[in-house]
Amino acid sequence: MSGPAEQALGEHDALYLRRAIEMSVLARQRGNRPFGAVIATADGRVLAEAINSNGETGDCTAHAEVNALREATPHHAREVLASATMYASGEPCVMCAGAIFWSGIPRVVFGIDAVRLRVFRRDVSEQRDAELSCRDVFRASPHAIETIGPCLIGEASAPHVGFWR
């Protein structure tokens, strides 16, 4: 599979991205699409973690990043989110990128990129996405959103092997 070059991660970022990937495995085990997300502060406090739950709930917006935001935002002030990072097992889709923008989270680290995900999903119409990178969405933001990814591509890809049919 070809796609954007893999980016290197520091120890802190690798820890939380690996947790998001663990969450993606849990999502798959529960019959959902294999995506997970973690929101953590620079000092290592986890504000939320979530799985994609649209298979269980029937909610088409129940992506891991949105679920993590739904968990975090009622309990943490905007100032806290403004210093946090969203760790996502897969590149945030257009909807999730918009939700991240609205949350004020200024930094995103993701595993497998959308280009590689499309290879897994193939051309099945109900699995297709809006072919915009999260970076395209973030570029339209009036505030900077640092984006690091793809990272840990092999680990982040593993939960998708054999899933998309």
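From a predicted model like this one, the values you see are computed outputs, not experimental measurements. The residues of the chain are indexed from 1 along the displayed sequence.
Within the 4.5 Å cutoff, side-chain heavy atoms of Met86 are placed close to those of Leu69. Side-chain contact check for Phe110 versus Pro150: some heavy-atom pair is nearer than 4.5 Å. Proximity of Arg70 to Thr61: side-chain heavy atoms (C-beta onward) are separated by under 4.5 Å at one or more points. Between Asp13 and Cys151 the shortest side-chain heavy-atom distance does not fall below 4.5 Å.
Residues Ile21 and Ile148 are members of one and the same hydrophobic cluster, defined by side-chain heavy-atom contacts under 4.5 angstrom among Ile, Leu, Val, Met, Phe, Trp and Tyr. In the hydrophobic cluster analysis, where Ile, Leu, Val, Met, Phe, Trp and Tyr join through side-chain heavy atoms closer than 4.5 angstrom, Val25 is grouped apart from Phe163. By the rule that hydrophobic residues join a cluster once side-chain heavy atoms approach within less than 4.5 Å of another member, Ile100 and Ile39 end up as members of one cluster. Connection of Leu17 to Ile145 is not established within any shared hydrophobic cluster, with ILVMFWY side chains joined at heavy-atom distances below 4.5 Å, either directly or through further cluster members. In the hydrophobic clustering of this structure, Leu152 does not group with Met23; members are Ile, Leu, Val, Met, Phe, Trp, Tyr whose side-chain heavy atoms approach within less than 4.5 Å, directly or through other members.
To the nearest 0.5 angstrom, Asn32 atom CG is 7.0 Å from Thr57 atom OG1. Distance CD/Glu65 to OG/Ser103: 11.0 Å, rounded to 0.5 Å. Interatomic distance, Ser89 OG to Asn52 CG, rounded to the nearest 0.5 Å: 9.0 Å. Here CD of Glu91 is found 6.5 Å from CZ of Arg135. Values are rounded to the nearest 0.5 Å. Between Ser24 atom OG and Glu155 atom CD the span is 10.5 Å, to the nearest 0.5 Å. Rounded to the nearest 0.5 Å, atoms NE2 (His63) and SG (Cys93) are 5.0 Å apart.
The list of ring-ring contact (aromatic ring centres under 6.0 Å, His included) pairs with a residue in residues 73-109, not counting sequence neighbours, reads Tyr16-Tyr87, Phe101-His143.
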Exercise. Where do Ile51 and Glu56 land on the side chain to side chain contact (heavy atoms under 4.5 Å, CB included) test, with the steps shown first?
Worked result: CA-CA 11 Å; Ile51 65 171; Glu56 291 175 89; 3.8 Å; yes
Exercise. Where do Cys96 and Val66 land on the side chain to side chain contact (heavy atoms under 4.5 Å, CB included) test, with the steps shown first?
Worked result: CA-CA 6 Å; Cys96 292; Val66 171; 3.9 Å; yes
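When every heavy atom of Ser83 is checked against every heavy atom of Pro106, the shortest pair comes out as N-CD, 4.3 Å. Residues Ala50 and Ala64 share a closest heavy-atom pair of CB-O, 3.6 Å. A pairwise comparison of heavy atoms in Leu47 and Glu71 identifies O-OE2, 4.2 Å as the closest pair. Residues Pro92 and Ala97 share a closest heavy-atom pair of CB-N, 4.1 Å.
Within the 3.5 Å criterion, the main-chain N or O of Ile153 finds a donor-acceptor partner in the side chain of Glu6.
For the side-chain hydrogen bond (donor to acceptor under 3.5 Å, both in side chains) test with Thr85, the passing option among Arg107, His12, Glu146 is Arg107; the others fail.
Under 3.5 Å, the side chains of Asn67 and Ser53 contain a donor-acceptor pair of N or O atoms.
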